[in-house]
Amino acid sequence: MYHLAWISPRKKYKKAFIVPFITRLVDLLGEKLIFIDELYFDLPVEEWPKSLFCIPYLCSKVPVDKTRAYIEAGSKALCNIDIMLSLMDRRIMNDVLTDSRAPCIPLFDDPKSIEGPVIEKPLDAENHDVRIYYDNKTVFLHRKTKDRCSFEEENSCIYRSNEEMVYSPLCSAINNLDIKVYAFNFNDGKDEVFAESRPSPVHNHFVQRDENGQEKREAVQLTAQEREEALRIAENCEHLVCGMDLLRYTENGVMKHAWIDINGFSVVKRHPDALEMLAEKMFEHVNSLVNEHSKD
């Protein structure tokens with residue numbers, strides 16, 4: 001029986017940024033690690049490789065019912081998939097942030113309640129078709145397509161009515177930067193939090209890439225308060241590894257921050273040392289769990 005099963009589409013664990021982590025994890029776990037991907041998704045769950053523990057990397061390509069059945073059959077998930085699924089509702093996501101004592105941007109059902117530019121987001125957090133309405137234009141945000149991440153149109157301020165939306169005021173990010181935060185929450189007394197920034201697609205419609213074709217990101221130093229909040233969010237989500245988005249902005253000349261998204265299991269992209277550390281932490285954690293299991 002395998003010690004750990006990684007459940008995700010192949011392209012998820014073959015992406016350039018995650019390969020160093022996966023490679024190191026394979027080195028450490030060897031034949032005790034199995035990848036459950038498209039080769040197995042169409043098979044009955046009884047034919048999936050058996051494992052003691054699993055990491056379900058949930059997305060639209062992963063069969064949720066089969067993954068749940070796999071866990072119920074005996075493979076203990078190293079993250080709470082019920083919480084992962086609930087986070088796809090942006091209202092619940094904000095509730096988790098509030099419960100974590102982490103400041104967040106309030107959501108409204110009616111854009112008329114908001115003064116100034118309005119952000120319109122689908123209630124479904126898997127839908128990244130986000131719009132920002134100004135008086136004279138609309139900015140359309142979307143998943144990266146080649147080198148495009150957003151575009152704008154003049155005089156197109158028409159709210160959508162074809163699906164359920166939530167609305168929030170626009171807080172302009174300091175230096176027009178998005179901050180991606182990753183918390184390692186292994187409860188080993190050595191919890192780590194990493195952060196990196198990228199140009200915000202609200203103002204930069206094209207993805208900035210390095211010489212290797214990867215999106216440019218810069219390391220960010222978090223405050224002690226931001227680090228503590230990130231770890232509380234990860235703990236409340238019952239995730240060993242949790243990615244989230246942080247917004248820094250100014251209000252009346254004072255720097256503030258708010259958490260705007262929880263991305264679930266995701267890994268830092270531009271910290272090779274952090275990726276190696278994560279693989280080693282995961283290996284140690286799995287080994288500890290396997291040893292406890294063998295005593296039962």
Side-chain angles (χ1 to χ4, degrees), residues 1-15 17-19 21-23 25-26 28-93 95-96 122-128 143 182-187 233-244 261-268 275 278-279 281-283 285-290 292-293 296:
M1 180 180 288
Y2 295 97
H3 287 177
L4 181 66
W6 179 286
I7 306 173
S8 81
R10 177 177 293 266
K11 72 174 186 178
K12 289 289 186 182
Y13 63 83
K14 291 292 186 180
K15 286 187 174 182
F17 71 84
I18 203 173
V19 165
F21 163 70
I22 294 295
T23 300
L25 196 59
V26 169
L28 292 168
L29 281 170
E31 295 180 353
K32 296 300 184 180
L33 172 66
I34 183 68
F35 293 93
I36 297 179
D37 53 24
E38 289 87 346
L39 290 175
Y40 299 98
F41 288 165
D42 290 333
L43 298 177
V45 73
E46 293 78 13
E47 296 182 28
W48 287 19
K50 300 293 188 295
S51 67
L52 293 174
F53 304 96
C54 67
I55 298 176
Y57 199 115
L58 294 186
C59 65
S60 59
K61 302 287 186 182
V62 173
V64 173
D65 290 344
K66 287 184 178 180
T67 301
R68 191 186 299 279
Y70 184 73
I71 294 168
E72 291 173 352
S75 181
K76 183 177 180 181
L78 299 185
C79 53
N80 188 315
I81 69 165
D82 291 322
I83 293 179
M84 290 177 74
L85 291 170
S86 72
L87 290 174
M88 294 180 185
D89 182 316
R90 294 188 190 275
R91 293 195 190 102
I92 294 177
M93 188 188 299
D95 289 342
V96 171
L123 183 62
D124 179 2
E126 279 289 284
N127 187 337
H128 291 254
R143 283 193 180 275
Y182 307 87
F184 299 173
N185 183 47
F186 286 83
N187 293 315
I233 294 167
E235 185 171 3
N236 272 3
C237 292
E238 298 182 24
H239 278 36
L240 297 176
V241 184
C242 189
M244 55 205 85
D261 266 324
I262 304 173
N263 303 314
F265 188 98
S266 55
V267 299
V268 59
L275 290 171
L278 174 58
K281 279 179 172 286
M282 189 69 71
F283 171 69
H285 186 70
V286 170
N287 262 4
S288 174
L289 293 174
V290 169
E292 289 178 15
H293 182 272
D296 295 339

Student: Rounded to the nearest 0.5 Å, how far does CD1 of Ile92 lie from CG of Leu87?
Tutor: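 Between Leu87 CG and Ile92 CD1, I get 8.0 Å after rounding to 0.5 Å.
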Student: What residues, two or more places apart in sequence or in another chain, satisfy salt bridge (charged side-chain N to carboxylate O under 4.0 Å, His left out) together with Asp124?
Tutor: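 Checked Asp124 against salt bridge (charged side-chain N to carboxylate O under 4.0 Å, His left out); zero matches.
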Student: Which residues pass the side-chain contact (heavy atoms from CB on, under 4.5 Å) test with Lys61, not counting sequence neighbours?
Tutor: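 Here the qualifying residues are Pro9, Cys59.
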Student: With a 4.5 Å heavy-atom cut-off, do Tyr40 and Val45 have their side chains touching?
Tutor: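 No, too far: nothing below the 4.5 Å cut-off.
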Student: Identify, with sequence neighbours excluded, every residue that meets side chain to side chain donor-acceptor pair (under 3.5 Å) alongside Asn127.
Tutor: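 Asn127: side chain to side chain donor-acceptor pair (under 3.5 Å) contacts with Glu163.
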Student: Could you list the residues that satisfy salt bridge (charged side-chain N to carboxylate O under 4.0 Å, His left out) with Lys32, not counting sequence neighbours?
Tutor: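 Here no residue qualifies.
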Student: If every non-hydrogen atom of Ala279 is compared with every non-hydrogen atom of Leu28, which pair is closest and at what distance?
Tutor: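 Where Ala279 meets Leu28 most closely, the heavy atoms are O-CD1, 3.7 Å.
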Student: I need the minimum non-hydrogen distance between Leu240 and Leu78, along with the two atoms involved.
Tutor: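 Between these two residues, the closest heavy atoms are CG-O, 3.5 Å.
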Student: Listed by chain and number, what are the side-chain contact (heavy atoms from CB on, under 4.5 Å) partners of Val26, not counting sequence neighbours?
Tutor: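 In terms of side-chain contact (heavy atoms from CB on, under 4.5 Å), with neighbours along the sequence ignored, Val26 is linked to Ile22, Leu33, Phe35.
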Student: Which atom pair, heavy atoms only, marks the closest approach of Thr67 to Val62?
Tutor: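 So the two residues come closest at OG1-CG1, 3.4 Å.
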Student: Does CD belonging to Glu126 count more than 12 external heavy atoms closer than 6.0 Å?
Tutor: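 Atom CD in Glu126 is crowded, with more than 12 foreign heavy atoms closer than 6.0 Å.
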Student: Between Leu52 and Val290, is there a side-chain heavy-atom distance shorter than 4.5 Å?
Tutor: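 Counting from C-beta outward, Val290 and Leu52 do come under 4.5 Å.
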Student: Quick one: list whatever passes side chain to side chain donor-acceptor pair (under 3.5 Å) with Asn287, sequence neighbours left out.
Tutor: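 For Asn287 there are no side chain to side chain donor-acceptor pair (under 3.5 Å) partners, ignoring immediate neighbours.
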Student: Quick one: list whatever passes side-chain contact (heavy atoms from CB on, under 4.5 Å) with Asp82, sequence neighbours left out.
Tutor: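 Asp82: side-chain contact (heavy atoms from CB on, under 4.5 Å) contacts with Arg68, Asn80.
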Student: Please collect all salt bridge (Lys or Arg N to Asp or Glu O under 4.0 Å) contacts where either partner lies in residues 44-57, sequence neighbours excluded, each pair once.
Tutor: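 Checked against salt bridge (Lys or Arg N to Asp or Glu O under 4.0 Å) - neighbours excluded - no pair reaches residues 44-57.
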Student: Taking side-chain contact (heavy atoms from CB on, under 4.5 Å) as the test, write out the residues that go with Tyr2, two or more places apart.
Tutor: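 Tyr2 satisfies side-chain contact (heavy atoms from CB on, under 4.5 Å) with Ile34, Pro49, Ser51 once adjacent residues are dropped.
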Student: Quick one: are Phe283 and Leu29 in side-chain contact, heavy atoms under 4.5 Å?
Tutor: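 Yes; the side chains approach each other to less than 4.5 Å.
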Student: Identify, with sequence neighbours excluded, every residue that meets salt bridge (charged side-chain N to carboxylate O under 4.0 Å, His left out) alongside Arg10.
Tutor: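 Salt bridge (charged side-chain N to carboxylate O under 4.0 Å, His left out) check on Arg10 returns Asp37.
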Student: In terms of the angle between their ring planes, are Trp48 and Tyr70 parallel, tilted or perpendicular, with boundaries placed at 30° and 60°?
Tutor: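 If you compare the ring of Trp48 with that of Tyr70, the planes turn out tilted.
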Student: If I take atom CE from residue Met282 and atom CG from residue Leu4, how far apart are they, to the nearest 0.5 angstrom?
Tutor: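 Reported value, rounded in 0.5 Å steps: 7.5 Å.
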Student: Once you round to the nearest 0.5 Å, how far does NE2 of His285 lie from CZ of Phe184?
Tutor: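 Result: 14.0 Å between the selected atoms.
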Student: Evaluate the side-chain proximity of Leu58 to Phe265: yes if any heavy-atom separation is below 4.5 Å, no if none is.
Tutor: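 No - every pair of side-chain heavy atoms lies 4.5 Å or more apart.
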Student: Is a side-chain donor or acceptor of Arg90 paired with a backbone partner of Pro122 at a separation under 3.5 angstrom?
Tutor: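 Looks like yes, one N/O pair under 3.5 Å.
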Student: Trp6: which residues meet the side chain to side chain donor-acceptor pair (under 3.5 Å) condition with it, sequence neighbours left out?
Tutor: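 Once residues adjacent in sequence are excluded, the partners of Trp6 under the side chain to side chain donor-acceptor pair (under 3.5 Å) criterion are Ser8.
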Student: Ignoring hydrogens, what is the shortest heavy-atom contact between Val267 and Tyr182? Give both atom names and the distance.
Tutor: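 So the minimum-distance heavy-atom pair works out to O-CE2, 3.3 Å.
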Student: Which value, rounded to the nearest 0.5 Å, describes the distance between His239 atom NE2 and Ile55 atom CD1?
Tutor: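 One finds 10.5 Å between NE2 of His239 and CD1 of Ile55.
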Student: Do Cys242 and Asn185 come within less than 4.5 Å of each other through their side chains, counting heavy atoms only?
Tutor: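 No, their side chains stay 4.5 Å or more apart.
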Student: Please round to the nearest 0.5 Å and tell me the distance separating atom CG of Asp261 and atom CE of Met244.
Tutor: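 Going from the CG atom of Asp261 to the CE atom of Met244 covers 11.0 Å.
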Student: Measure across Ile262 and Met93 and return the closest heavy-atom pair with its distance rounded to 0.1 Å.
Tutor: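 Smallest interatomic distance, heavy atoms only, reads N-SD, 3.2 Å.
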Student: Can you list everything that forms a side chain to side chain donor-acceptor pair (under 3.5 Å) with Lys281? Sequence neighbours excluded, please.
Tutor: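 By the side chain to side chain donor-acceptor pair (under 3.5 Å) rule, Lys281 matches Asp188.
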